Structure formats: structure tokens, C-alpha cells
Asks: 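The structure follows.
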Amino acid sequence: MMHAAAEAGADILELGIPFSDPLADGPTIQKATFEALEKGMSVRGALEILQDFRRERRTPVVLFTYLNPVLHFGLESFVEAAREAGAEGILLTDLPAGADGALEEVVRAGGLDLIRLLAPTSSPARIEAVSRGASGFLYYISRTGVTGARTEIREDLGHEVRSIRERVDLPVAVGFGISSPEQAALVAEVADGVVVGSALVEALGRGGVEAGKAFLESLRRGMDAPRG
Amino acid sequence: MGNELESDDVGGIPFAPPSPSRFGKFGGQYVPETLIAALDELEEAYRESQEDAGFHAEFEDLLRDFVGRPSPLFRARRLEEAVGGGPIYLKREDLNHTGAHKINNTIGQTLLARRMGKRRIIAETGAGQHGVATATACALFDLECVVYMGEEDVERQALNVFRMELLGARVVPVESGTRTLKDATNEAIRDWVTNVETTHYIIGSVVGPSPFPRMVRDFQSVIGREAREQILEKEGRLPAAVLACVGGGSNAMGAFHAFVGDRDVRLVGVEAAGEGLESGRHSASLSAGTPGVLHGSLSYLLQDEDGQVAPAHSVSAGLDYPGVGPELSFLRDEGRVSYASVTDDKALEAFHRLSELEGIIPALETAHALAYLLGEGRDEVRNGAVLLCLSGRGDKDVAHVARLEGRRPAGSLA
């Protein structure tokens, strides 16, 4: 699927490492997580998938997971192994900025971008504090809540993303709830990037890699279409 | 359970230095970004409330007139005979309104929620005691209440589900994962992430992200403060040991807190060994876990070789949790709190023993602490008085125990 996603025009790939207690994820990612764990997916297994992918392609990859599996693996060894396997960045859902300076330093010293999240609840002061220690890009959560496809995009989103972009130098990607080419196009008007997860997993569940690829291609077309 | 990690060497990485959000290296705020603002707000509201004499006065009035505090300290003479020494005192948290210590915390947090202007309350529950205590406080303060409860617990604690509904709460059965307390907590956190602007999450134990472990401990510390005064009055000296069962650890921290500075008082936390520590089916995170991050804090945790949280098991739904509070983790490493564990079978035996010996049916959770005192821990009485936190009453467990023993009590709801 990673190859198909790259071919369909994804600029960056997020590769999730499953964790038994995905408390920031909605039903779709939870289900995918439990199925992956049942089939024996592990931290090492995910790194091998990345390594195989990297032999053939240059599309940047961000590893996406929760803190405990990588802590248990050993954060320093994990960062090293991830970089060797070809990861550019890491997103740890439950390591918000400032929560643990020592851990943050290990990621940075290891040469991985530590992708930071911002939420509608983040205050202007918080946005500035988070962006100071961030690298790669900032990931703006489009609404309070867990991951999962939604039919609507909030009206305030454009305003919020613009106000973040005024404060930070990094590119801002927006995710959580984006599930159609129309939504992707709307978000692409205000943001530097569009993140899609649950809707892709649902497409994969419906029709395998082919459906996943077709879905991503439709998003790509939506985002690239000229505005009229 | 592997013990390959040393407690001060998680993945070879020094954790963040001690701060008010931590106990040594344990604790912290490992949560999704969306919750940071709510935790900051809670921290601020809690700090203000602690400096507000009006808040303390209202809390104390409610503890006295609504909860029924102070709870008595009862000398259990027939239990002393069975153990072979004494004196043994039971701190009767089972006599609180709603039947357990949980209400101390829910009253405190509900007052805080009101202060923050949050009209919707959510909670997780295992045995249902915290759910009932939360539903009770919400009825009292006219707040909306939603309680998440694992499907397996909904089945084994049917009486408490009905009680919560009577009190006006909505109980949401959680089907994911292990279908017990751990997954009910995940689901409550998901709700909180979604509705954080209108909702306060009343965590039921000394777990979760800072400031919860400290705040819940403070609200529960009334147990130890009262018990310390009461035992000094009765015995003229401090107890040799304080015993409490440990799931997340709220009754234990509540009972221990006033004694932590009394270096001669042994503090013993009794965990659920389920079908035995070797079986892998237990909930003894302090005895057999390793440090890890779950539900927002670093603490001892049951986990597998890939850092996935291992399913916990206990006959008592309230102890059926793979983590434990960060402060207890810290006190364990400091050597200040000793820990032991008791199997399902021994706990069930103690459930019967106390019922027959003292006319008190204890909660199955509490029965673990009693089983320790009746068994492996009987020598605790050699050094002086023993204080045991009788954290809850066993009415909620009667149907469950009857079923386990192949009997069906008349009029059972289960």
C-alpha cells in the first residue's frame, strides 16, 4: 500500500505502529490497530516494512505511534533504527510539547523530525511554545476529538489555520476527519498539507490496495484542481 | 512478565527531572495535545481551590453531612483471634454513603467542575463504585453524567449499573479491547478529547495525567488523616502497619498519605495476583510490572515484550487494571511502600471470613488486603497495631460471588 500511496501522489507517508491502547483514535484506526496486533505486527515489523519501502522509493515517511512501544524498545535505539530504516520524522500522539524534555532531546539528537500537533484548544501562547521546538511540519488537528472520517469541515478552520501560519515558519498540515476530495480541496486552500488516515483505512477495508489508491488519487485531483 | 527493565532506566533514557507534575520520575502529562489546555485549566482551578477557605468548608460540610464522615475506626477482635494477634483496626470506608471511599474524590472533583463552569461529567468505572459515586455527586449538583464501563464489568456488576441509572447517569458499555476498566478509561479519555470544552473527566483513582494523581490523593487523604487521629486516641501511638488493597491505588494513597512521613509505620499495598503471578493472569503491576506510559502518566505497568499493554485479570473488577498510580510507583522504588499480592481464591476466602467473623461483608477489592493479613501478612501484628483500610462494602459483589460459587441468591439482579 505504501507504494500505491506514493504512486497516487502522496507527498509524505505516515506509517503507524500499532499500540494496544490507542486513546486518541476513533473506531476505524482502533479496529485496524487490533487487527494488526492480532496478526503479529510489532515495532520491529513496522521498521522492516519501512526499510523495504525505502529500498525503492524516496517519498518521506513519518512514523506515527504512541509513546509506550518505543519506550519499551528503548527510545534511543528506536530513533537510530528508524533513521536507518529511512524515516524522516516521528509523531508520538501522547508526547505533547514540553511533557518530557529529556525524551524530546533524544529524538532531536537522533536526527528525526519530531512532528508536533496543535489543536483547536491550543492557546496562542501554547502555539508559539509548541512551534519553537518543532521541526518538519506542524500537524493541526481540525477539531477536538479522536481520529475518524467526518462529513463536515468546521467553518472556523480556515481562520484558525491562517492564525497559526502567521505565528510559525513551518508548513502546517491539517488532519482529523478529512474524507472526501471536496474536503481535501477546501483544506488545501488554507493549509500546506492535508492528512488523511481513517478514510484511507476504510477504503482499504472496502476494496484493498486498489480502492485505497483510487481514493488517494481522487483526493490528489481534488487538491490540484484549479480554483474557480 | 519480564523484568528486563530496571526501574530507573526506562529504555536507557533518563526521564524528565522531578517537577510538581511528577513523583520522582513517575507521573507526567503524556496526553494528546487537545487535552493540554484542559489540564492547565484544571491545575489552575485546583490550585485556587486549595487556597480558598470557602472551598474547604463546603467540601468538609459535604463529607460530614452527605457522606457521613468521619468514618469509624473499628477494632476487629474476632479477626484478631483468627490472625493470632493485634490490635487490628478497620477504617470503615464501607460505611460512607454509596459504600466505598470513592465518594470522597467525586465530591471534591464535582465541586471543582462546578467552579470551572463545566456542566457535563464523565467517568470510567471498573467495579462500578466510582461510577455510582460520580452519579451520586452529579445528582446532588444537577450535572449531566456519563459513565464508561467495560462490557465484562457491566455483566459482573449488574447491580451497580442499575444504581447509576437510578441516579440519572447514562452508562455506556465499552466493547473494545479487554472490555474492562482499562478500555473504559480509554473510552472516557476519547470522550474527553472530543467534548473537552464542556466536560470535566472525574478520574476515579490516583492515575492519569497530572494533576489527577495528586488531586485525587489529596481528596482521599481524609482517610489517613482521620485514621491517624483515631488510632492515636485509641492506642496512644501510631500503628505498626497500614494495609490497603491496590488497583489504581486511591484508597491506598488516601490511607497512606498521612503516614508517609512516619518512617516507623510500615505501609503495605496488596495487589491482585489473580490466578497467580506465574500464570500471567493477574493485576499486580507493582509486583510484576515494569515502568511504562499508559493513560497519561509513567508508572509501573503490565506489558509484553513489544511494549503492548498486557491484559490484567482479577476476580474483583476494581483491581482489574494493568497500571497503578505514579506516586505508589515512586514510593515502591523509594522502599517506602511494601507490596504483596493475593490470588483470587484467597481473596474469595477472606470475603467469607470477614463476613462470618465480624458481620462485615467486604468488597472483593478490600478482601485482598484482608487475605494478606490472614495469610502471608499475619506477622504484621507482631510489631504493634495494624490499620487496614476497609475501602468498600461487598453488597455489589454478592451476586458475582454467588455465581462463581454456583449459587444464585434469591432476588438477584444478575
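Order of the sequence lines fixes the chain letters, A, B, ..., with proteins taken first and strands second; residue numbering starts at 1 for each chain. Keep in mind that this is a model prediction, so the values were computed, not measured.
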Asks: Output the option from B:Asp191, B:Asn195, B:Asp40, B:Val193 having the highest count of non-hydrogen pairs under 4.5 Å with chain A.
Replies: B:Val193
Asks: Checking heavy atoms, do the side chain of A:Leu37, its backbone, both or neither come under 4.5 Å from chain B?
Replies: side chain
Asks: Do B:Glu33 and A:Arg116 pass the salt bridge (charged side-chain N to carboxylate O under 4.0 Å, His left out) test, and can you show the C-alpha distance, the side-chain angles, and the key distance before you say yes or no?
Replies: CA-CA 9 Å; B:Glu33 173 68 23; A:Arg116 287 307 192 191; over 6 Å; no
Asks: Where does the angle between the aromatic ring planes of B:Tyr321 and B:His295 fall among parallel (under 30°), tilted (30 to 60°) and perpendicular (over 60°)?
Replies: parallel
Asks: Between A:Phe34 and chain B, which part of the residue has a heavy atom less than 4.5 Å away: side chain, backbone, both or neither?
Replies: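 The answer is the side chain of A:Phe34.
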Asks: Might you point out which heavy atoms bring B:Asp183 and B:Gly177 nearest each other, and give the distance in Å?
Replies: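 Minimum heavy-atom contact is OD1-CA, 3.4 Å.
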Asks: Quick check for you: among A:Asp25, A:Asn68, A:Val130, which has the greatest number of heavy-atom pairs under 4.5 Å with chain B?
Replies: A:Asn68
Asks: Chain B heavy atoms under 4.5 Å from A:Leu117: which part of the residue, side chain, backbone, both or neither?
Replies: both
Asks: Should we count CZ of A:Arg108 as having more than 12 external heavy atoms under 6.0 Å?
Replies: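 Yes, the 6.0 Å shell around CZ holds more than 12 heavy atoms from other groups.
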Asks: What do you reckon, is CZ of A:Arg44 surrounded by more than 12 foreign heavy atoms closer than 6.0 Å?
Replies: no
Asks: Is any side-chain heavy atom of B:Tyr300 closer than 4.5 Å to a side-chain heavy atom of B:Asp333?
Replies: yes
Asks: With a 4.0 Å cut-off on N to O distance, would you call A:Arg54 and A:Glu88 a salt bridge?
Replies: yes
Asks: Relative to chain A, which of B:Leu294, B:Ile36, B:Val196 shows the most heavy atom pairs under 4.5 Å?
Replies: B:Ile36
Asks: Where on B:Val309 is there a heavy atom nearer than 4.5 Å to chain A: the side chain, the backbone, both, or neither?
Replies: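 Both backbone and side chain.
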Asks: Name the region of A:Ser42, side chain, backbone, both or neither, that has any atom closer than 4.5 Å to a heavy atom of chain B.
Replies: both
Asks: Is it the side chain or the backbone of A:Pro27 that comes within 4.5 Å of chain B heavy atoms, both, or neither?
Replies: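 Neither part.
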Asks: With only heavy atoms counted, which part of A:Val70 is less than 4.5 Å from chain B, the side chain, the backbone, both or neither?
Replies: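 For A:Val70, neither part sits under 4.5 Å from chain B.
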